[in-house]
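Naming convention: chains lettered A, B, ... in sequence-line order (proteins, then strands); numbering from 1 in each chain. Note that the coordinates shown come from a computational prediction; the quantities given were computed from them, not determined experimentally.
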Amino acid sequence: MPELRLHNSLTRRREVFVPIDPGHVRMYVCGPTVYDLAHVGNARPVVVYDVLARLLRRLYPRVTYARNITDVDDKINARATASGEPIAAITARTTADYHADMGALGALPPDVEPRATGHISDMIDIAQRLIASGHAYAADGHVLFAVPSFNDYGKLSGRNRDDQIAGARIDVAPYKRDAADFVLWKPSPAELPGWDSPWGRGRPGWHIECSAMSHRVLGESFDIHGGGADLIFPHHENEIAQSLCAFPGSQFARYWLHNGMLNINGEKMSKSLGNFFTVRQVLAMAPGEAIRMMLLRGHYRAPIDFSENGLADCRKELDRFYRAVERTPAAPSAEVPASVMDALCDDLNTPLAISALHALADAAMAGDAQASADLQAGAQLMGFLQSTPAVWFQGNDDSSWIDTAIADRIAARKARDFARADAIRAELLAKGILLEDGAGGTTWRKA
RNA sequence: GGUCCGGUGGCAGAGUGGUGAUGCAGAGGACUGCAAAUCCUCGAAUGCCGGUUCGAUUCCGGCCCGGACCUCCA
């Protein structure tokens, strides 16, 4: 097995991955805040870390992949206030939608999926530890993390405290001792979700939940922490501060991975800019695997641009893979080929891995059954070729009307009535059905 | 202003101190009644200026351009 190397945001370089416990690799990824449907940009980390989890499972005997659900958050509260729908209904529905959408992109569920509301006591516990050790203080019903108490603050994001102050664009709350201090716990009025705490009824700040949940499900120190590049500051910086101060002597996460943003017309896709497509909208434009391909054909740390043309290209690439395995059935024994494995182990070089898949598809197309098997194994490690050629090309809908039309056309061709034959073909194409006359007869696929 | 990441053929996108992958699109050909698919062939790129080097797209410096973060954000 090749050596796995990953770019660590903490050191800004590619490092050989050495797990804390080779018998059990642990990874945490920041999951969604469940207040609305996920957009394609939200799906990028899910797909990227899904590939990483699949790869880790192949390299190590046991992997625990944890991804949280944030179900207590001011945006959820705002949504409930605006729509009148109960918070619990919003979070339950959005969580189910999220699971369905990510499943449609071929992402396997994480091994554990902690919910913030299930770990409030863990958060309170961490806040108490931080107060006890002088890293946090209670003020005005809030509990704040004292940033000056942590010397390494800013290490991940490359920021120093002077920058913080110079760049501060928000009013500093009066109860903060330092402008950079952030909220661990805040008071909650009766109409909003709240839990009893030593500081009165309240709810958690944003950053504390990931520290609490990762600690609970993975332990004080674990191997990999992933998330979007836009979370580096302040979210991950704050997580590091909280966790390292709450659990002295621990390492928290050893390798930090950050995926680049999904852009649209050169700009980051985001809810606040309004320039987003939900995963559902995009699933109406292309199959899930094509969307997955679009998210994996660029390196995970680079920005990628979303476009319908790009999506169409991805579908064509997958067409060829499916055609190759259809034309030459896979030999019985298959290993993930070294070309794919090596590419993925080199900081998840999915574009290179995909090009390796193309080489295998060429060989499979030429009749190499072993190449077909290797193509299948390599593609499936990346979450491709999860369907069968028949379903990929034709779907599951009733197609008897197509068969009827094809029979008519065959009769016309036999009579050398090509005008009639071409008319039938054009008619079907107008309905999205493309005919192919091969040596073995006429077949069809969705255009 | 600060921090960080990029600029490769028409588009997408890798690798590499020594004649620049891969996919899509395009051109020509084979096959086909015509298409589609497949196969063969072809054209086409490393932002600018310096430096190091026998040699730089790759390393270093400067510049220009783009983007992200510094505020909720995957």
Side-chain angles (χ1 to χ4, degrees), chain A residues 9 12 29-33 35 38-49 67 73-75 78 154 156-160 162-171 180 206 226-237 258-263 266-273 276 293-305 307 309-321 323-324 326-327 343 346 349-359 361-362 365-366 393 413 416-419 421-422 425-426 429 434-439 442-445 447:
Chain A
S9 301
R12 292 185 185 78
V29 171
C30 289
T33 298
Y35 71 103
H39 67 233
V40 222
N42 300 132
R44 163 118 99 146
V46 175
V47 167
V48 164
Y49 299 114
R67 188 182 65 210
D73 178 272
D74 288 355
K75 272 187 284 208
L156 177 70
S157 57
R159 290 172 161 80
N160 60 50
D162 297 337
D163 296 338
Q164 306 285 319
I165 295 160
R169 280 191 236 158
I170 46 165
D171 296 332
W206 174 33
D230 54 353
L231 297 183
I232 292 173
F233 190 88
H235 186 53
H236 291 162
E237 197 71 76
H258 291 100
N259 60 277
M261 297 294 101
L262 181 75
N263 293 161
E267 257 192 333
K268 175 179 161 183
M269 183 179 285
S270 77
K271 292 253 167 83
S272 46
L273 286 172
F276 64 90
M293 171 77 79
M294 180 200 69
L295 295 173
L296 292 176
R297 72 173 176 160
H299 184 83
Y300 77 91
R301 284 190 299 114
I304 51 177
D305 216 85
S307 73
N309 282 346
L311 217 46
D313 282 358
C314 291
R315 206 192 125 183
K316 285 183 212 165
E317 290 196 49
L318 288 163
D319 279 347
R320 185 167 170 85
F321 293 166
R323 233 174 239 129
E326 181 178 49
R327 183 161 302 194
D346 189 13
N349 193 338
T350 52
L352 190 61
I354 290 169
S355 76
L357 256 26
H358 277 288
D362 290 345
M365 203 66 96
F393 288 118
R413 290 182 73 206
R416 304 206 57 87
D417 181 357
F418 295 119
D422 290 350
R425 186 168 61 193
L429 188 59
L434 190 105
L435 297 190
E436 298 185 328
D437 299 323
T442 297
T443 58
W444 65 272
R445 64 183 160 99

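Heavy-atom nearest nucleotides on RNA chain B were determined for A/His235 and for A/Ile232, and the one closer to the 5' end corresponds to A/Ile232.
Put simply, CG on A/Leu435 is 13 Å from C1' on B/C34, counting in whole angstrom units. B/U3 atom C1' lies 14 Å from atom NE2 of A/His258, rounded to whole Å. A/Tyr300 places its OH atom 20 Å from the P atom of B/A68, with the value rounded to the nearest Å. The nearest whole Å value for the distance from the CG atom in A/Asp305 to the C1' atom in B/G10 is 16 Å. In this structure, CD1 of A/Ile304 is placed 16 Å from P of B/A74, rounded to the nearest angstrom. Spacing between atom CG of A/Asn349 and atom P of B/G15 amounts to 5 Å, rounded to whole angstrom units. The distance between atom CD of A/Glu267 and atom C1' of B/A68, rounded to the nearest whole Å, is 11 Å. Taking atom CG on A/Asn309 and atom P on B/G13, their separation rounds to 13 Å, with Å as the unit.
Here the NE2 atom belonging to A/His299 is positioned 10.5 Å from the CG atom belonging to A/Asn259, to the nearest 0.5 angstrom. Interatomic distance, A/Met294 CE to A/Asn309 CG, rounded to the nearest 0.5 Å: 12.5 Å.
A cation-pi arrangement is found for A/Arg159 relative to A/Phe233, the charged atom lying closer than 6.0 Å to the ring centre and inside a 45° cone about the ring normal.
Judged by distance alone, with hydrogens and angles left aside, the side-chain atoms of A/Asp437 form no donor-acceptor pair with the main-chain N or O of A/Thr442 at under 3.5 Å. Judged by distance alone, with hydrogens and angles left aside, the side-chain atoms of A/Arg44 form no donor-acceptor pair with the main-chain N or O of A/Leu296 at under 3.5 Å.
Look at the P atom in both B/U58 and B/G18: the space between them is 11 Å, to the nearest Å. Only the P atoms considered, B/A14 is 32 Å distant from B/U52, to the nearest whole Å. Rounded to a whole angstrom, the distance from the P atom of B/G43 to that of B/U22 is 13 Å. Comparing B/C63 with B/C69, their P atoms are spaced 24 Å from each other, to the whole Å. Rounded to whole Å, the C1' atom of B/A74 lies 31 Å from the corresponding atom of B/C64. With P as the reference atom, B/A44 and B/C39 are 23 Å apart, rounded to whole Å. Taking the C1' atoms as reference points, B/A21 lies 13 Å from B/A45, given to the whole Å. Nucleotides B/A56 and B/A27 are separated by 38 Å at their P atoms, to the nearest Å.
Salt-bridge formation is detected for the pair A/Arg425/A/Asp422: a Lys NZ or Arg NE/NH1/NH2 atom is positioned less than 4.0 Å from an Asp or Glu carboxylate oxygen.
Contact annotation for A/Gly266: backbone-only contact, meaning every heavy-atom pair under 4.0 Å involves sugar-phosphate atoms and none involves a base. Residue contacts shown for A/Gly260 include a base, since a base heavy atom lies under 4.0 Å away. Among the heavy atoms of the strands lying under 4.0 Å from A/Met365 are primed sugar atoms or P, OP1, OP2 only; no base atom is included. A/Leu262 comes within 4.0 angstrom of a nucleotide base, judged by non-hydrogen atoms across all strands.
The residue from A/Ser9, A/Ser157, A/Cys30 that alone fulfils the side chain to side chain contact (heavy atoms under 4.5 Å, CB included) condition with A/His236 is A/Cys30.
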With sugar-phosphate taken as primed atoms, P, OP1 and OP2 and all else as base, the protein-contact string of nucleotides 21-33 of chain B at under 4.0 Å (heavy atoms; B, S, -) is BSSSS-------B

Under the rule of Watson-Crick or G-U wobble with both distances under 3.5 Å, where | means paired to another strand and [ ] a crossing pair, RNA chain B maps to (((((((..(((.....[...))).(((((.......)))))....(((((..]....))))))))))))....

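Checked against B/C70, B/A74, B/A36, the side chain of A/Arg44 finds its nearest nucleotide in B/A74.
At a threshold of 4.5 Å between non-hydrogen side-chain atoms, the residues A/Arg445 and A/Arg323 count as touching.
Smallest separation of non-hydrogen atoms from A/Leu357 and A/Phe321: CB-CZ, 3.6 Å. For A/Glu237 against A/Gly154, the heavy-atom pair with the smallest separation is OE2-N, 3.0 Å.
Note on A/Lys268: every side-chain N or O is 4.0 Å or more away from OP1 and OP2 of B/A74. Phosphate proximity of B/C4 to A/Arg12: absent, as no side-chain N or O sits under 4.0 Å from OP1 or OP2.
Taking the six-membered ring for Trp and the full ring otherwise, the centers of A/Tyr300 and A/His258 sit at least 6.0 Å from each other.
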